[in-house]
Protein chains: 2
Amino acid sequence: MTGLSSAPSTVTPGTVHIVDDDEAIRDSLLWLFQSRSVAAHAWASGEAFLDAYHPDMAGCILLDIRMDGMTGPELFDALLARGCRLPVIFLTGHGDVPAAVAALKKGAMDFMEKPCDDNALVDRVIEALAHDAEQRARTAGQATLAARLATLTQRERQVMELVVAGKLNKVIADDLGISMRTVEVHRAHVFEKMGVKTAVELARLLVSAP
Amino acid sequence: MTGLSSAPSTVTPGTVHIVDDDEAIRDSLLWLFQSRSVAAHAWASGEAFLDAYHPDMAGCILLDIRMDGMTGPELFDALLARGCRLPVIFLTGHGDVPAAVAALKKGAMDFMEKPCDDNALVDRVIEALAHDAEQRARTAGQATLAARLATLTQRERQVMELVVAGKLNKVIADDLGISMRTVEVHRAHVFEKMGVKTAVELARLLVSAP
DNA sequence: CGGGCTATTGTGGAAATCCGCATCGGGAGA
DNA sequence: TCTCCCGATGCGGATTTCCACAATAGCCCG
């Protein structure tokens, strides 16, 4: 844990997906990343990547702006529409301020002009991969939370909300027009299903995530 | 409350600070915003604005890139270094992708090229003002929270942390090596000072903010 | 030196929570 | 039809929380 490792530099948690219609550039980028132990995969068009895209894909996207067929920004929009959260780095040969601003405001991670420094590019990609891995871990936590929430009954959910709102059982019983004993039962079920022991833990789960 | 008001369009919660070394542009922008009922103030240089800057300033900043003396990006950096959270919109005559990317990645709200559409510019400024007002409200809440936290004793803070962690009084007493009764007293003090009635409310306060 | 604040602990009772045991009615599925 | 799950409810006891009253001790300030 002292950071003295001299192993193959970075253990990359995902793949950088290169989308460019110029084969020479694809090959050159593939070579660059492979030489730095970063897993890379190239696609010859936006359509090709879009067809292959699946929400489980981990990594990041290196995207050319001007391409035959679907352009980089068009692919970006299409991916966003499908809920894709992969970090995107744009690569472009011809500076275009409005395009750069639009891309970054939509959430692109970077917008670099070719030719750009290999080291800078690799660094940015590694950053993007780390960002995706981190985000993926967070999302996984939220998914298990959502799965647990899904097992709750209607009533249990209602009771849970009031419990998390800090209300006492007697108040909850009154609000819902049921007996205190029933509230206690639902409350206990909620605790069990959500895997917590106290109302405070439950509140923390729900306040930090949704 | 039904939104039928036909009053002077938008009630602006802050001032747009125009920073530009060209007097003609300053006057033109001042006229534009005043004609739209947006409070505006102009500064002839980055240094002038920086001298006048105070954390309590509310509103947003409209910033020219190329200026004599301090440039737009330099002023932006100086403001960030002082913890300024005002939304910044850059205005530039000469497209420069790296500058735009750098500005947006540092948190600028927009980067527009002159000449730009008056309506679009005013819309973005109003957005920025609203964003600042919202952010300011959030920060105010956190400030009162911090103020309350500051009134807590060392011991009270320790007890609070364990309470928020979901532990029972007896466990807390054991952890701190004190009697349960003492824990109860501290706990009650914490509730009173933090203005809450239950542990759940306290947990929500602390989980959603820090 | 007295007063105020902090930390500590005790007693004892009221209120609330936690739980096991038992019952009842209704709807979904084997 | 019989069973399983959900919602609702009651009883009673163990545990915990909430509080008022009371007291001791150290520390800092005027």
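Per chain, numbering begins at 1; letters A, B, ... match sequence-line order.
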[X] [atom1] to [N] [atom2]: how many Å, rounded?
X      : N      : atom1 : atom2 : result
B:L176 : C:dT9  : CG    : C1'   : 15 Å
A:K193 : D:dC5  : NZ    : P     : 11 Å
A:Q154 : D:dC5  : CD    : C1'   : 16 Å
A:E156 : D:dC5  : CD    : C1'   : 11 Å
A:M180 : C:dT17 : CE    : C1'   : 7 Å
A:L202 : C:dC18 : CG    : P     : 11 Å
A:L162 : C:dT17 : CG    : C1'   : 17 Å
B:K167 : D:dT17 : NZ    : C1'   : 18 Å

Checking contacts here: which listed nucleotide (D:dC11, D:dC18, D:dA20) is nearest the side-chain heavy atoms of A:R181?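 Within the option list, the nearest is D:dC11.
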Of the listed nucleotides C:dA16, D:dG10, D:dT16, the one nearest the side chain of A:L168: C:dA16
Using OP1 and OP2 only, check whether a side-chain N or O of [X] sits under 4.0 Å from [N].
X      : N      : value
B:R187 : D:dC18 : yes
B:H186 : C:dT8  : yes
B:N169 : D:dT16 : no
A:R155 : D:dC6  : no
B:T182 : C:dT8  : no

Between the side chains of A:N169 and A:R181, does any donor sit under 3.5 Å from an acceptor?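 No.
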Establish, from distance only, whether the side-chain atoms of B:Q154 and B:R157 form a donor-acceptor pair under 3.5 Å. no
For A:H189 and A:E184, find the nucleotide of DNA chain D closest to each by heavy atoms; which residue's nucleotide sits nearer the 5' end?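 It is A:H189, whose closest nucleotide lies nearer the 5' terminus.
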So that I can tick it off, tell me whether [Y] and [X] are bridged by a salt bridge, with the cut-off set at under 4.0 angstrom between side-chain N and carboxylate O.
X      : Y      : value
B:R124 : B:D110 : yes
B:E201 : B:R204 : no
A:K106 : A:D77  : yes

If you assign A:A199 and B:T151 each to the DNA chain C nucleotide with the nearest heavy atom, which residue ends up on the more 5' nucleotide? B:T151
For A:K170 and A:K197, find the nucleotide of DNA chain C closest to each by heavy atoms; which residue's nucleotide sits nearer the 5' end?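 Per heavy-atom nearest nucleotide, the more 5' residue is A:K170.
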